[in-house]
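Below is one structure, written out as structure tokens, with a few remarks after it.
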Amino acid sequence: MQLRGIDFGQVFCSSGARNFTGKGWPYHKWLRRLGLLSHENSTLVGKTIDLEGRPGNIKMKEDGLTPQEWFPDCVIVKPFKGVALNAVGLTNPGLDWWINHPDIRAMEKPHLGSFSPKGSTPKERFDEALLFAIKLREAINAGFFRAPFGFQLNLSCPNTKHGQDELLKEAPDLLRALQEADIPIICKFNALVLPETAAQIAEHPCCDAISATNTIPWGKHEQIDWAGLFGVKDASPESSPLARYGGGGLSGKPLLPIAEEWITKIRPLTTKPIMGGGGVLCKKDADRLRNAGADAIEIGSASMLRPWRVQPMINHINNWFAIERRP
């Protein structure tokens with residue numbers, strides 16, 4: 001997938017799947033040693049950051065990359081059901097850390113970051129996005145980075161204090177602010193956003209592509225059997241296993257048909273490239289999103305739910321895109 005002349009490839013690891021710098025989470029090291037996980041020939045989408053950073057709900061070590069606990073209580077994983085629920089709360093060390101991290105500066109292949117503003121008001125969020133973009137542009141001009149990169153604008157995280165509807169209304173202004181960085185910007189939506197609304201935002205001249213779909217907030221989609229998946233009485237906010245953290249967001253198997261339907265609906269409405277993800281746990285899942293109209297595939301929760309399938313999926317996706325490019 002080319003954006004502004006930069007070839008980002010056709011397979012992306014969704015935001016957070018490989019941590020901030022691409023080296024992954026502590027358990028990834030052991031999976032790699034056992035030959036159960038590889039992300040070779042895929043493109044990094046770093047975990048979401050904001051301007052100043054925020055503690056979120058995971059206690060991190062001083063390196064900003066390593067959780068203090070192996071099993072944080074704000075993440076619930078059910079591998080046999082193919083789902084994960086998280087209320088990480090956008091834990092991140094901030095933009096200055098990202099700009100100055102040696103692993104970010106040393107990257108040789110195009111990659112993506114992810115940004116979500118945390119300000120309390122529209123003006124605060126706009127000002128944050130603008131300063132974020134200005135700092136990025138200054139770092140780029142100073143020659144800090146070897147590889148070109150873009151950023152996803154996360155408009156649909158379930159773990160923020162401001163509502164999704166607020167960010168959707170502000171999206172044109174946020175895009176205009178981020179354009180100051182002069183890099184590709186991808187708008188990230190979840191399936192609760194009407195395809196018509198997402199398409200309208202996507203046609204903004206400062207939006208280069210769409211990422212769909214993000215996690216689904218607890219209890220918010222009628223096609224998901226919340227009670228059955230987590231053994232609770234209903235889908236009410238207080239029934240969530242992560243109610244103390246606001247409910248959390250769902251990723252994994254139930255999102256696939258929802259993402260497939262959403263991409264099918266938005267595809268005729270926009271000419272912008274679509275990065276399709278959500279519940280991609282095997283090769284056939286990737287095929288379904290490609291057939292729905294996705295121009296590239298994002299692999300996320302498979303890294304913890306089905307890690308042994310990640311590299312075969314990457315190879316499979318790259319192969320069929322290579323076949324399409326043949327004369």
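Taking each heavy atom of Leu65 and Asn19 in turn, the nearest pair found is O-ND2, 2.9 Å. Thr264 approaches Ala292 most closely through the heavy-atom pair OG1-CB, 3.4 Å. The heavy-atom pair separating Val75 from Val88 by the smallest distance is CG2-CG2, 3.9 Å.
Glu203 and Thr270 are linked by a side-chain donor-acceptor pair at a separation below 3.5 angstrom, with hydrogens and angles left out of the test. No hydrogens or angles considered: a donor-acceptor pair under 3.5 Å links the side chains of Trp320 and His316. Side-chain contact annotation: Asn214 with Asn154, donor-acceptor N/O pair under 3.5 Å present. In this structure, a donor-acceptor pair under 3.5 Å is present between the side chains of Ser239 and Asp234.
More than 12 heavy atoms of other shown residues, nucleotides or ligands fall within 6.0 angstrom of atom CD in Glu196. Counted within 6.0 Å of NZ on Lys81, heavy atoms from surrounding residues, nucleotides or ligands total more than 12; the atom is thus considered enclosed.
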Please lay out, stage by stage, how Lys169 and Asp165 fare under the test salt bridge (charged side-chain N to carboxylate O under 4.0 Å, His left out). CA-CA 6 Å; Lys169 291 178 182 177; Asp165 290 345; over 6 Å; no
Verify side-chain hydrogen bond (donor to acceptor under 3.5 Å, both in side chains) between Ser211 and Glu298, making sure each step is shown before the conclusion. CA-CA 8 Å; Ser211 171; Glu298 289 189 79; 2.4 Å; yes
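With rounding to the nearest 0.5 angstrom, the SG atom of Cys207 is 6.0 Å from the CG atom of Leu175. To the nearest 0.5 Å, atom CD1 of residue Ile274 and atom CZ of residue Phe189 are 10.5 Å apart. Atom-to-atom distance recorded for Ile49:CD1 and Arg54:CZ is 11.0 Å, nearest 0.5 angstrom. One distance of note links CG of Leu37 with CG of Leu31; it measures 5.5 Å at 0.5 Å rounding.
When side chains are defined from C-beta on, Val232 does not count as touching Ser240, because their heavy atoms never get closer than 4.5 Å. Counting heavy atoms from C-beta on, the side chains of Val310 and Ser303 come closer than 4.5 Å. At a threshold of 4.5 Å between non-hydrogen side-chain atoms, the residues Pro257 and Arg288 count as touching. Put simply, the side chain of Ser42 does not reach to within 4.5 Å of the side chain of Gln311, judged on heavy atoms.
Using cut-offs of 30° and 60° for the angle between ring planes, the Phe132 and Phe115 rings count as tilted. Note on ring orientation: taking the six-membered ring where Trp is involved, the planes of Trp98 and Phe145 are tilted (angle from 30° to 60°).
Using a 4.0 Å cut-off between a side-chain N of Lys or Arg and a carboxylate O of Asp or Glu, Asp287 and Lys283 do not qualify as a salt bridge. For the pair Lys135 and Asp96, the salt-bridge criterion is met [side-chain N within less than 4.0 Å of a carboxylate O]. In this structure, Lys253 does not pair ionically with Asp285, as no charged nitrogen and carboxylate oxygen lie closer than 4.0 Å. In this structure, Arg4 pairs ionically with Asp208, as a charged nitrogen and a carboxylate oxygen lie closer than 4.0 Å. Between Glu166 and Arg125 a salt bridge is recorded (basic side-chain N to carboxylate O distance below 4.0 Å).
The aromatic ring centres of Trp218 and Tyr245 sit 6.0 Å or more apart.
A side-chain contact (heavy atoms from CB on, under 4.5 Å) with Leu95 holds for exactly one of Leu51, Asn100, Asp50; it is Leu51.
Taking Ile, Leu, Val, Met, Phe, Trp and Tyr as hydrophobic and joining them when side-chain heavy atoms fall under 4.5 Å apart, one finds Phe126 in a cluster with Leu130, Ile134.
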